[in-house]
Amino acid sequence: MKKHYLITPGPTPIPPEVSSKEGLPVLHHRTSEFGVYFVEVIEGLKYVFQTRNDLFLITSSGTGGMESAVANLISAGDTAIVAASGAFGERWGKILASYGAQVVWVREPDGQAIVPSKIEEALKKNPQAKAVFGQHTETSTGVVNDVQKLGEIVSKTPAVFVLDAISGLGGQELRTDDWKADVVVAGSQKGLMTAPGLAMVSVSRKAWPLVEAAKSPRFYFDYRTLRKSIPEKETPYTPAVTLIVSMAEALRQIKDEGIENVWARHAWLAHATREGVKAMGLTIFTQTPCNVLTSINVPAGLDGKKIVKRTREEYGVSIAGGQVQLEGKIVRLAHMGYMGRFDVIIGLSALEMMLHDMGAKIELGKGVAAAQRHLQNPPAAFAPAPAPGAAAIR
Ligand SMILES: Cc1ncc(COP(=O)(O)O)c(C=O)c1O
């Protein structure tokens with residue numbers, strides 16, 4: 001028997017109460033019964049996003065949500081600023097290029113956060129820019145960006161701020177409205193504790209004139225069509241009904257815990273993971289780590305790809321490796337969504353054992369013990385400071 005553990009930054013484990021909803025008889029999507037779920041999910045997502053903006057559900061993975069933002073905001077020839085420091089930042093640029101946008105790159109090396117003053121500069125040099133595209137948490141490197149600062153900078157210009165919060169939402173603090181993020185994209189399979197297959201996008205008032213004016217071809221992803229069907233409590237086309245019904249349960253659980261407590265729990269798990277990694281004698285890949293995953297430098301002489309493969313095959317523990325140029329060089333442990341203190345222990349313990357198996361100078365139990373010391377305390381100490389003057393969305 002091999003028990004399997006999913007310690008990857010998406011897909012993530014799903015609470016049994018959520019996955020059991022996937023087994024219910026499929027509802028028809030043009031019924032009042034479905035309408036009740038639809039409204040509950042939209043309202044629940046607005047709470048997790050902390051937004052009063054329009055919010056749409058799209059049946060696609062997160063990348064579909066990203067493409068929808070580009071198709072609805074950008075016309076061929078428009079200038080768009082991309083703040084990138086990893087694989088998902090690069091993805092914004094690739095999507096934009098395929099829609100014929102003039103991309104102005106503001107790149108930082110992998111593992112570094114976006115420098116807000118460079119975005120300010122890019123906006124000054126490119127006053128015609130329609131939008132700034134960036135990541136909340138860059139999953140490929142484990143970095144968190146200063147979204148609040150970036151939002152403040154972009155809000156002072158005519159450009160809109162488009163944020164990929166696919167891995168950050170529901171784990172890392174995000175206050176969409178207070179932090180002036182105009183278009184925010186998320187996905188079901190990460191902090192939202194639901195199976196893969198749904199994207200969601202919030203759209204601010206500032207962004208709507210761009211949506212109305214954009215000339216890019218769009219049909220399935222057209223926000224105007226999606227907006228029209230909201231009062232009908234449905235989506236324009238057949239949605240992933242099963243995922244919506246199960247997500248309603250996941251959102252109930254998030255609401256019961258309270259979004260600030262969810263953020264605090266993630267900060268607590270992230271802290272314990274980092275302390276465990278350091279106690280093992282390893283180093284964290286970034287100086288600006290996010291709270292939803294930890295990226296760890298692979299010890300010299302070892303291959304990260306083999307670590308990931310063997311950890312899964314021999315111990316039944318799935319962790320993530322590095323992507324693109326980081327392949328083999330880092331491994332990533334998730335603490336995202338339906339995860340608690342013993343998920344951290346499993347991830348660290350599996351890594352510790354595998355590195356030991358592979359001949360690294362690792363003393364078994366050291367990382368686990370360090371994490372245990374932090375995990376004995378409750379997460380309350382990690383509660384985020386209330387945003388000054390902010391009216392939290394309940
Ligand atoms: C930050 C970020 N952006 C985009 C994506 C792509 O999402 P999907 O694989 O659901 O299309 C991911 C998925 O890992 C992600 O973490």
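These numbers come from the heavy atoms of this one structure, side chains and all, not from hydrogens, waters or symmetry mates. Just follow the structure's listing: the first ligand is 1, and inside any ligand the first atom is 1.
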* Asked: So, does Arg107 use its side chain to make a donor-acceptor pair with the main chain of Val82 at under 3.5 Å?
  -> no
* To do: Write out all pairs satisfying salt bridge (Lys or Arg N to Asp or Glu O under 4.0 Å) with one or both partners inside residues 116-127, taking only residues at least two apart or from two chains.
  => Glu108-Lys118
* Partner residues of Lys94 under the salt bridge (Lys or Arg N to Asp or Glu O under 4.0 Å) criterion, sequence neighbours left out -> none
* Parallel, tilted or perpendicular: ring planes of His29 versus Phe34, cut at 30 and 60 degrees -> perpendicular
* Asked: At a 4.0 angstrom heavy-atom cut-off, what protein residues surround ligand 1?
  -> Ser61, Gly62, Thr63, Met66, Phe88, Arg91, Thr137, Thr139, Asp164, Ile166, Ser167, Gln189, Lys190
* Answer yes or no: does atom CD of Glu314 have more than 12 heavy-atom neighbours from other residues, nucleotides or ligands under 6.0 Å? => yes
* Structure fact -> For Thr225, the side chain to side chain contact (heavy atoms under 4.5 Å, CB included) test, sequence neighbours excluded, returns Asp222, Pro236, Tyr237
